[in-house]
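Structure record follows, encoded as structure tokens.
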Amino acid sequence: VIRIIDGEGGRATSRLIKELFLKRLSNPLLKPLNDSAVAELTSSRIAFTTDAFVVDPLEFPGGDIGKLSVCGTVNDLAAAGAKPVLLSAAFILEEGLELERLERFVESMAETAGEANSIIACGDTKVVPHGKGDGVYITTTGVGVLPGGDIPEPKRIATGDAIVISGPIAQHAAAIIAIRENLRADPPIASDCAPLSNMVLDAMAVSEIHAMRDPTRGGLGGVLIELARQSGKRFVIRESEIPINEAVENICELYGYDPLFMACEGRMVFILPETEVDSLLVSLRKYPYGKGANRIATVEEGSEIIIETKSGGVRRLVPPEGAPLPRIC
């Protein structure tokens, strides 16, 4: 298990870093274990992001806190149109955490970073007393390289654009609810947690993307509200076109949650010209993470979000007062 002395900077810390972290994450930038990793980038334009992960439980169907921490940062970079290159990882470990669990989390991070063609170039480890840290917290920071030309951003959203979601929504939140409430499903509801950078970069190569956003804590609804506000446009959403799995929909009905505001961790929202939608969908559906991609809305003049409901009615989309679930990512 993790002990307090494992975070004190002595021989115990060195053993933990070399025998656990470096064994699984080793690469030319990390291996020297200098205070900073030094790298040469091929672009003068970079994207830079950071995020902290405190998910409860630490392991869930479809992923764990290690995989989640890499996906969250990689996907934020991808949403900016950047190719993820470098990541850092800071661990706050609780005394008593089983080494076997920590090994699984680090292996998940290494595998996910490899899939995203990124490396974890530097990191830090601290240990807090038992009862003070909920097992482990992870903070990841990422650097991505931006291509030449225009980058996706809300100010490029135009009247007549279409909105596409890359797959079924609300799966991450539903997976967390199911495991917290000990709900049984066959097969179990799995998080959509996934690194999307390769899929997104290929999509950008075939379609003119005006804006992108990954719908994490605030879900699809939160992202659309934010993008509508930033662009000053009106979005008209067709509820019947929003992909959602039956088991997820059942959980939402059982607990009274709105799936539009439930977290995803492996989905991307694309806003692009209507004429580019078909090429985007073909590109996305080549990937396992984009099999359920669908066109869900259009952009009009105005300043609100309207949902055309399955029952034939119309309602405005307004944000909830707070997050429906705590400790979701």
Side-chain angles (χ1 to χ4, degrees), residues 75-76 78-83 146-170 192 196-216 218-244 259-261 264 266-319:
N75 293 346
D76 281 348
K83 176 183 179 181
L146 287 162
D150 294 331
I151 62 173
E153 52 186 335
K155 69 180 183 181
R156 294 183 61 201
I157 297 172
T159 299
D161 279 356
I163 302 176
V164 170
I165 182 74
S166 63
I169 66 169
D192 57 11
L196 303 178
S197 54
N198 295 330
M199 182 183 76
V200 169
L201 290 171
D202 280 355
M204 291 179 63
V206 300
S207 301
E208 179 190 350
I209 310 297
H210 285 167
M212 289 186 288
R213 198 66 54 87
D214 60 326
T216 52
L220 174 62
V223 159
L224 292 178
I225 288 170
E226 187 176 66
L227 289 170
R229 176 179 55 81
Q230 292 173 335
S231 64
K233 298 296 182 182
R234 180 178 190 258
F235 296 170
V236 179
I237 305 165
R238 290 180 297 279
E239 187 178 43
S240 61
E241 299 300 319
I242 299 173
I244 180 169
L260 285 171
F261 292 101
C264 309
R267 301 293 179 238
M268 190 68 69
V269 174
F270 300 86
I271 303 183
L272 70 167
E274 177 68 40
T275 54
E276 301 282 322
V277 169
D278 287 345
S279 60
L280 174 64
L281 291 176
V282 169
S283 178
L284 295 178
R285 290 169 180 168
K286 291 178 181 178
Y287 285 82
Y289 309 139
K291 290 292 186 185
N294 207 34
R295 181 185 186 279
I296 62 170
T298 55
V299 178
E300 300 180 353
E301 287 296 319
S303 58
E304 61 181 352
I305 300 182
I306 296 297
I307 299 179
E308 297 175 349
T309 66
K310 294 178 183 178
S311 61
V314 174
R315 67 180 176 94
R316 291 184 62 200
L317 185 68
V318 295

Working to the nearest 0.5 Å, report the span between [atom1] of [X] and [atom2] of [Y].
X	Y	atom1	atom2	answer
I163	I165	CD1	CD1	10.0 Å
N198	Y287	CG	OH	5.5 Å
H210	I271	NE2	CD1	10.0 Å
L220	D214	CG	CG	12.0 Å
D150	I209	CG	CD1	12.5 Å
S207	D278	OG	CG	9.5 Å

task: Kindly indicate, with the supporting measurements, whether the criterion side-chain contact (heavy atoms from CB on, under 4.5 Å) is fulfilled by Y289 and V200.
output: CA-CA 10 Å; Y289 309 139; V200 169; over 6 Å; no
Has [X] got a side-chain atom pairing as donor or acceptor with [Y]'s backbone, closer than 3.5 angstrom?
X	Y	result
R156	A211	no
S279	E276	yes
N294	E241	yes
R267	P168	yes

task: With side-chain contact (heavy atoms from CB on, under 4.5 Å) as the test, would you mind laying out the steps for R238 and R295 before giving the verdict?
output: CA-CA 9 Å; R238 290 180 297 279; R295 181 185 186 279; 2.2 Å; yes
For [X] against [Y], the heavy-atom pair lying closest together:
X	Y	value
P243	G167	CG-O, 3.5 Å
P152	G81	CD-CA, 4.0 Å
L146	A80	CD2-O, 3.3 Å
I169	P259	CD1-O, 3.6 Å
F270	A203	CE2-CB, 4.3 Å

task: Mark yes when over 12 heavy atoms from residues, nucleotides or ligands other than K83 sit less than 6.0 Å from its NZ; otherwise mark no.
output: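 Result for NZ/K83: open.
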message: Salt bridge or not between E304 and R234? Use side-chain N to carboxylate O under 4.0 Å.
response: yes
message: Looking at E301 and K233, is there a salt bridge between them, counting it only when a charged N and a carboxylate O are closer than 4.0 Å?
response: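 A salt bridge is present here (some side-chain N lies under 4.0 Å from a carboxylate O).
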message: Exactly one of T309, T298, L224, I306 should register a side-chain contact (heavy atoms from CB on, under 4.5 Å) with I237. Which one does?
response: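 Result: among T309, T298, L224, I306, L224 is the only option passing the side-chain contact (heavy atoms from CB on, under 4.5 Å) with I237.
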- request: Identify the residue among S166, S197, P215 that makes a side-chain contact (heavy atoms from CB on, under 4.5 Å) with M268.
  value: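 Result: among S166, S197, P215, S166 is the only option passing the side-chain contact (heavy atoms from CB on, under 4.5 Å) with M268.
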message: Just so I know, are the side chains of L280 and V206 near enough to count as touching, which here means a heavy-atom distance under 4.5 Å?
response: no
- prompt: Does N75 reach the side chain of T216, with side-chain heavy atoms less than 4.5 Å apart?
  reply: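 A side-chain contact under 4.5 Å is absent here.
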task: Assess whether side-chain contact (heavy atoms from CB on, under 4.5 Å) is satisfied between L284 and V164, documenting all intermediate values.
output: CA-CA 10 Å; L284 295 178; V164 170; 4.1 Å; yes
task: Apply side-chain contact (heavy atoms from CB on, under 4.5 Å) to L317 and F235, showing your working.
output: CA-CA 10 Å; L317 185 68; F235 296 170; over 6 Å; no
